[in-house]
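Step one of this worksheet: look at the structure below.
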Amino acid sequence: MTTEPATLAELFRSLELTLTVRAAADEDEAWACTLSRPDGRSFEIESVSFFDVDPDTGDEWIVEPGPTRVLGVLAGGDVETEDEAGEGAAGDAEAAARAFLGDEAYELLLRLDEEELGRDN
């Protein structure tokens, strides 16, 4: 019997996902990311930026997306919307992520993301 993943990195591996990263076509310092499942289904993120921050100075710099950062976006990290209400786009993003991962894996993703965010603070 396999054990349940305890980190986002373990979840990524257990789901056998692959990540393709390329520069976003329409934005500087942004990335387009594609997550793919073994069955060929994919999840597209058209544009996302990630930054690391020096805790002492507050200086930040852009970093490339990695599997755990991209899974954090799927967990409902900062979704920017174009519409005024904002709620519809965030709800649509959650529904798409849930459909891509499946209910059980999505719920595990939310829990692991929350745990990892707690450790970072």
Side-chain angles (χ1 to χ4, degrees):
M1 179 176 168
T2 61
T3 60
E4 182 176 90
T7 65
L8 291 176
E10 289 176 9
L11 178 62
F12 185 87
R13 286 190 299 274
S14 74
L15 295 173
E16 300 179 34
L17 299 174
T18 58
L19 173 63
T20 304
V21 176
R22 60 198 175 286
D26 57 345
E27 290 184 57
D28 291 339
E29 299 185 346
W31 305 95
C33 302
T34 303
L35 285 169
S36 300
R37 296 185 341 190
D39 66 3
R41 289 192 60 201
S42 62
F43 186 92
E44 298 280 337
I45 300 172
E46 291 179 18
S47 179
V48 66
S49 297
F50 296 100
F51 297 88
D52 275 346
V53 179
D54 183 316
D56 296 326
T57 65
D59 291 341
E60 58 181 40
W61 58 95
I62 195 159
V63 294
E64 287 188 35
T68 59
R69 286 186 168 120
V70 173
L71 282 179
V73 171
L74 264 65
D78 305 317
V79 175
E80 292 184 18
T81 60
E82 303 268 334
D83 64 1
E84 292 179 22
E87 294 176 17
D92 290 347
E94 177 184 337
R98 185 179 290 275
F100 175 70
L101 295 175
D103 288 332
E104 186 177 317
Y106 185 77
E107 292 301 324
L108 180 56
L109 168 64
L110 294 179
R111 184 172 54 83
L112 293 174
D113 186 62
E114 183 67 30
E115 288 173 5
E116 291 195 15
L117 286 175
R119 284 192 291 256
D120 290 344
N121 294 329

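Along the sequence shown, residues carry numbers from 1. Fair warning: this is a prediction, and the values are worked out from it, not measured in the lab.
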Handout entry: side-chain contact (heavy atoms from CB on, under 4.5 Å) between Thr7 and Leu112, worked out
Key = CA-CA 6 Å; Thr7 65; Leu112 293 174; 5.8 Å; no
What's the shortest heavy-atom distance between [X] and [Y], and which atoms?
{"X": "Leu74", "Y": "Phe43", "answer": "CD1-CE2, 3.5 Å"}
{"X": "Val21", "Y": "Cys33", "answer": "CG2-SG, 4.4 Å"}
{"X": "Thr34", "Y": "Ser42", "answer": "CG2-CB, 3.9 Å"}

Exercise for the section: Can you run down the salt bridge (Lys or Arg N to Asp or Glu O under 4.0 Å) pairs that involve residues 14-30, sequence neighbours left out, and say none if there aren't any? Expected result: Arg22-Glu44
Practice task
Could you check if a side-chain atom of Leu71 sits within less than 4.5 angstrom of a side-chain atom of Leu17, using non-hydrogen atoms only?
Solution key: yes
Practice task
Report yes if some heavy atom in the side chain of Trp31 is under 4.5 Å from a heavy atom in the side chain of Val70; otherwise report no.
Solution key: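 Not touching, per the 4.5 Å side-chain cut-off.
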Problem - Interatomic spacing from CG in Leu35 to CG in Leu101 - rounded to 0.5 Å - result: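 Leu35 atom CG to Leu101 atom CG measures 8.0 Å (nearest 0.5 Å).
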Practice task
Rounded to the nearest 0.5 Å, what's the gap from CZ on Phe100 to CG on Leu15? Could you check?
Solution key: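 One gets 8.5 Å once the value is rounded to the nearest 0.5 Å.
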Problem - Neighbour count >12 (heavy atoms, 6.0 Å) for atom CD, Glu46 - result: no
Handout entry: Check: Ala6 main-chain N/O paired with Glu10 side-chain donor or acceptor under 3.5 Å
Key =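 Checking the backbone N and O of Ala6 against the side chain of Glu10, a donor-acceptor pair under 3.5 Å is found.
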Practice task
Salt-bridge test for Arg37 and Asp39: reply yes if a basic N is under 4.0 Å from a carboxylate O, no otherwise.
Solution key: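 Counted as a salt bridge, because a side-chain N and a carboxylate O are separated by less than 4.0 Å.
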Could you list the donor-acceptor pairs under 3.5 angstrom formed between side-chain atoms of residues 51-64 and any protein atom two or more places apart in sequence or on another chain?
unit_1 : atom_1 : unit_2 : atom_2 : d
Asp52  : OD1    : Arg69  : NH2    : 2.6
Asp52  : OD2    : Arg69  : NH2    : 3.4
Asp54  : OD1    : Asp56  : N      : 2.7
Asp54  : OD1    : Thr57  : N      : 3.2
Thr57  : OG1    : Asp59  : N      : 3.1
Thr57  : OG1    : Asp59  : OD2    : 3.3

Handout entry: Partner set under side-chain contact (heavy atoms from CB on, under 4.5 Å) for Arg111, not counting sequence neighbours
Key = Glu4, Leu108, Glu115
